[in-house]
Amino acid sequence: MPDVRVRIAPSPTGPLHIGTARTALFNYLYARHVGGTFVLRLEDTDQARSTEGFERDILEHLHWLGLAWDEGPAAGGRAERGPHGPYRQMARLPLYAEAAARLVAEDRAYPCYCSPDELEADRRAQEASRQPPRYVGRCATLTAAERAAREAEGRRPAVRFRIEPGVVAFDDLIRGRVEIDTAALGGDLVIVRADGTPLYHFTVVVDDAAMGITHVIRGEDHLSNTPKHILLFRALGHPVPAFAHLPLILNPDRTKMSKRKSQTAVRDYVAEGFVREALVNYLAYLGWSPGTEEDVLPLAEIAARFDLAAVQKGGAVFDRARLEWLNGQWIRRLADDDLVERLAPFLEADWAAGRIDRNPGPAEIAALLPLVRERLPVLGAIGELVGFLFSDAVAIDPALLVPKRWERATARAGLAEASRAIDAAGPEGFAVGPLEGALRGVAGANGWKAGDLFMAVRVALTGRTATPPLFESMVALGRERVLARLDRAARALEAETPA
RNA sequence: GCCCCCAUCGUCUAGAGGCCUAGGACGCCACCCUUUCAAGGUGGAGACCAGGGGUUCGAAUCCCCUUGGGGGCACCA
């Protein structure tokens, strides 16, 4: 058995899509599982929509996900890798031209002079008579003289591949045997545009053949197109690879996941603070499962257990809530210094955007880890959680300062008493245990519920009702600022309390 | 319209004829823990395995039909 070679062939017409990432992941998993080669190829023949920025985004995020390719194009300062280059289709144009010329020479393809208007008219007529859209074959049997006449008119031909009648069958690695009558393929297929640039169905086959791809693992949306590819492989005289069509990732309404209905750009998940481990873990479990009851598995472990035959056939709805849970699981599993490193950019961004007044250093972030680790569904939530520590002043809604069971005056008194007690305890008493003791003492002496007092103090210090543990937060804030915020909050209540 | 694929709790899934009065996870609801929020723990609701026919001693698992959903049918990828 020849070595397994798989590939991911993204088109740089948008930022890396969740679906592309999942397809890349499954190719990667299969390659790693069987010790094969994972190839990256850029399908940039749609020059109207492809951009360098998207290309960079795709490469960058595949890399971010940890899906390293064994062969691929030169990019981001890295040299091209692999013996089957170039790995960018626009650099392979001569190869397609040569292949197309061969097909035309063998009359397996022919020049087509139909104009876009003519084709559009055909399509409309078919639609009107409720016929499936299909090329009518106007140029299929043109004589040399007829072709010459059209050339003389200045018409530039596209190239169409003849779809022969018959049934094409293949054994999909996930779905089993699939048989499709070529009559359902829409007629002869354009493989080269009038401007000379090749089309997807053609380039994908020419390249998969040239690059020795043995297994084509891709989304189910290509299942119906597979016969076209098989026909092209045969016409080109190349062995047909094995196919595996993955179930689609779905919007909540069970349609194919789309930008319109879902967040599809990987970069947006990165920006929110999803970690690669969680995204990879989640994506792998969208359509595959280890068959055990383990939910949290690292990439290497998934690769070790991966099996194409175990892949689900039905589409899977992308469930953000589950991804967030998994993200929390992974955040809890990260090493301290690793987590600090990943958190830092988010705090820096908060600082740059003016949401906080100071950008904390690594040591400072590290000290907060025990307070935040279990409270972050995404890394980007860090600012909300501990921003009060790095802000000169916090905005406080006076209504929140008064716990449900309390009067405004009680809250004012409570804050004042708390401030007094903390002040009286001195710097030596400004530690988690003593602070809690002091405030419990204040509550007890006044007949207040400790929880109510704590809530008033919490809001005074942070502006929020949900925060990390209070006394740890106080220590992190520092004595001076605790006293200042307590006094300021008490005064705010005073100002609003009628004498 | 034509062709193809699919079908287990709301969601992701386990299940490859008897272990299933269908298991786990997310989400949801209680309770416990608790200074808030999380996390964690315990428990609960939630799927007559889309429906109907077969095959079989026995079917979520095999076959057929129906229904439903999705995808494809470009000089997009």
Side-chain angles (χ1 to χ4, degrees), chain A residues 9-14 20 43-46 48-50 112 114-116 119-120 123 126-127 129-135 157-160 172 175 178-181 183-187 189-195 197-201 203-204 219-228 245 247-248 250 252-256 282 285-296 309 312-326 328 332 372-377 385 403 436 439-440 443 449-455 457-459 462 464-471:
Chain A
S11 173
T13 53
T20 308
E43 306 214 326
D44 55 355
T45 55
D46 184 350
R49 293 194 297 152
S50 295
C112 171
C114 296
S115 69
L119 296 173
E120 180 56 32
R123 220 186 326 276
Q126 286 158 346
E127 204 172 313
S129 57
R130 318 184 98 194
Q131 295 296 305
R134 122 186 285 279
Y135 177 58
V159 178
R160 277 189 195 269
D172 190 280
R175 285 148 215 282
V178 176
E179 299 186 355
I180 296 177
D181 193 317
L185 263 29
L189 176 74
V190 176
I191 56 175
V192 180
R193 292 182 182 90
D195 71 2
T197 57
L199 257 11
Y200 169 75
H201 294 304
T203 59
V204 72
E220 191 196 330
D221 45 354
H222 284 105
L223 191 58
S224 303
N225 292 147
T226 303
K228 294 174 186 168
H245 288 92
L248 261 23
L250 276 20
D253 64 4
R254 304 201 73 87
T255 54
K256 180 164 77 164
Y282 179 74
Y285 275 58
L286 230 39
W288 176 84
S289 101
T292 64
E293 289 180 353
E294 299 155 288
D295 295 302
V296 185
Q312 203 81 12
K313 296 188 187 75
V317 174
F318 190 90
D319 180 1
R320 191 198 160 92
R322 192 178 166 84
L323 171 59
E324 278 192 18
W325 170 78
L326 204 48
R332 272 161 238 147
V372 301
R373 188 167 219 131
E374 318 256 277
R375 281 169 250 264
L376 292 173
L385 238 196
E436 179 169 0
L439 289 202
R440 283 191 189 280
K449 291 198 70 170
D452 288 334
L453 207 221
F454 294 171
M455 183 52 82
V457 171
R458 168 175 294 111
V459 172
T462 69
R464 298 177 174 277
T465 54
T467 70
L470 183 57
F471 303 104

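Each chain gets a letter, A, B and so on, in the order the sequences are listed, and its residues count up from 1. Quick caveat, the model's predicted, so the values are computed rather than measured.
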Engineer: Can you list everything that forms a salt bridge (Lys or Arg N to Asp or Glu O under 4.0 Å) with A:Arg254? Sequence neighbours excluded, please.
Structural biologist: none
Engineer: Between protein and nucleotides 41-50 of chain B, map the contacts as a letter string: B base, S sugar-phosphate only, - none, heavy atoms under 4.0 Å, written 5' to 3'.
Structural biologist: ----------
Engineer: Quick one: label A:Gly187 by what it contacts on the DNA or RNA (base, sugar-phosphate, nothing), any heavy atom closer than 4.0 Å.
Structural biologist: nothing
Engineer: Taking only residues two or more places apart in sequence, or in another chain, which ones meet A:Thr203 in a side-chain hydrogen bond (donor to acceptor under 3.5 Å, both in side chains)?
Structural biologist: A:Gln89
Engineer: List for me each residue that meets salt bridge (Lys or Arg N to Asp or Glu O under 4.0 Å) alongside A:Arg193, sequence neighbours excluded, and say none if there are none.
Structural biologist: none
Engineer: If we call it a pair only when both distances are under 3.5 Å in a Watson-Crick or G-U wobble match, what pairs with B:rC28?
Structural biologist: B:rG44
Engineer: Could you pull out the protein-nucleic contacts involving nucleotides 2-5 of chain B (nitrogen or oxygen on both sides, under 3.5 Å)?
Structural biologist:
from: B:rC5; atom 1: O2'; to: A:Arg175; atom 2: NH1; distance (Å): 2.5
from: B:rC5; atom 1: O2'; to: A:Glu220; atom 2: OE2; distance (Å): 3.3

Engineer: Is A:Arg175 salt-bridged to A:Glu220, cutoff N-O under 4.0 Å?
Structural biologist: yes
Engineer: A:Leu250 has an atom CG; how far is it from atom C1' of B:rA7, in whole Å?
Structural biologist: 12 Å
Engineer: Which comes earlier along RNA chain B counting from the 5' end, the contact point of A:Leu385 or that of A:Pro198, where each point is its nearest nucleotide?
Structural biologist: A:Leu385
Engineer: Once side-chain hydrogen bond (donor to acceptor under 3.5 Å, both in side chains) is applied, do any residues pair with A:Glu374, and if so which ones, sequence neighbours excluded?
Structural biologist: none
Engineer: Would you mind reading off the distance between A:Lys228 atom NZ and B:rA77 atom C1', rounded to a whole angstrom?
Structural biologist: 12 Å
Engineer: With respect to the phosphate group of B:rC73, does any side-chain polar atom (N or O) of A:Arg123 fall under 4.0 Å of OP1 or OP2?
Structural biologist: no
Engineer: Measure from the side-chain heavy atoms of A:Arg254 and tell me the nearest of B:rC12, B:rC73, B:rA39.
Structural biologist: B:rC12
Engineer: Tell me, please, which residues at least two apart from A:Tyr135 pass side-chain hydrogen bond (donor to acceptor under 3.5 Å, both in side chains).
Structural biologist: none
Engineer: Check salt bridge (Lys or Arg N to Asp or Glu O under 4.0 Å) between A:Asp452 and all other residues, then give those that pass, not counting sequence neighbours.
Structural biologist: A:Arg405
Engineer: Is the shortest side-chain N/O distance from A:Arg320 to OP1 or OP2 of B:rU11 below 4.0 Å?
Structural biologist: no
Engineer: Whole angstroms only, please: what is the CG-C1' distance between A:Leu323 and B:rU13?
Structural biologist: 16 Å
Engineer: Considering just the side-chain nitrogens and oxygens of A:Gln126, establish if one lies under 4.0 Å of OP1 or OP2 belonging to B:rC73.
Structural biologist: no
Engineer: I'd like to check the salt bridge (Lys or Arg N to Asp or Glu O under 4.0 Å) partners of A:Glu294; sequence neighbours left out, ordered by chain and number.
Structural biologist: A:Arg305
Engineer: Considering only side-chain heavy atoms of A:Pro133, which listed nucleotide, B:rA77, B:rG10, B:rA74, is closest?
Structural biologist: B:rA74
Engineer: Looking at B:rA77, I'd like to know if its phosphate oxygens (OP1 or OP2) sit under 4.0 Å from a side-chain N or O belonging to A:Thr45.
Structural biologist: yes
Engineer: Counting only Watson-Crick or G-U wobble pairs whose two distances fall under 3.5 Å, which nucleotide matches B:rC73?
Structural biologist: B:rG1
Engineer: Can you tell me the distance, in whole Å, between the CG atom of A:Asp44 and the C1' atom of B:rA77?
Structural biologist: 11 Å
Engineer: Which residues pass the side-chain hydrogen bond (donor to acceptor under 3.5 Å, both in side chains) test with A:Arg458, not counting sequence neighbours?
Structural biologist: A:Thr467
Engineer: Can you give one letter per nucleotide of nucleotides 30-36 of chain B, going 5' to 3': B for a protein heavy atom under 4.0 Å from the base, S for sugar-phosphate only, - for none?
Structural biologist: -----BB
Engineer: May I ask which nucleotide in the shown strands pairs with B:rA59, Watson-Crick or G-U wobble, both distances under 3.5 Å?
Structural biologist: none
Engineer: Partner lookup for B:rU36, please. Criteria are Watson-Crick or G-U wobble with both distances under 3.5 angstrom; report none if nothing qualifies.
Structural biologist: none
Engineer: Grab the N/O contacts between the protein and nucleotides 22-25 of chain B below 3.5 Å, and write none if there aren't any.
Structural biologist:
from: B:rG23; atom 1: O2'; to: A:Glu293; atom 2: OE2; distance (Å): 3.1
from: B:rG24; atom 1: O4'; to: A:Glu293; atom 2: OE2; distance (Å): 3.2
from: B:rA25; atom 1: O4'; to: A:Asp295; atom 2: OD2; distance (Å): 3.4
from: B:rA25; atom 1: O2'; to: A:Arg322; atom 2: NH1; distance (Å): 3.3
from: B:rA25; atom 1: N3; to: A:Arg322; atom 2: NH1; distance (Å): 2.7

Engineer: Using heavy-atom distances to pick each residue's nearest nucleotide on RNA chain B, tell me which of A:Gly314 and A:Tyr135 is more 5'.
Structural biologist: A:Gly314
Engineer: Using Watson-Crick or G-U wobble geometry with both distances under 3.5 Å, which nucleotide pairs with B:rA7?
Structural biologist: B:rU67
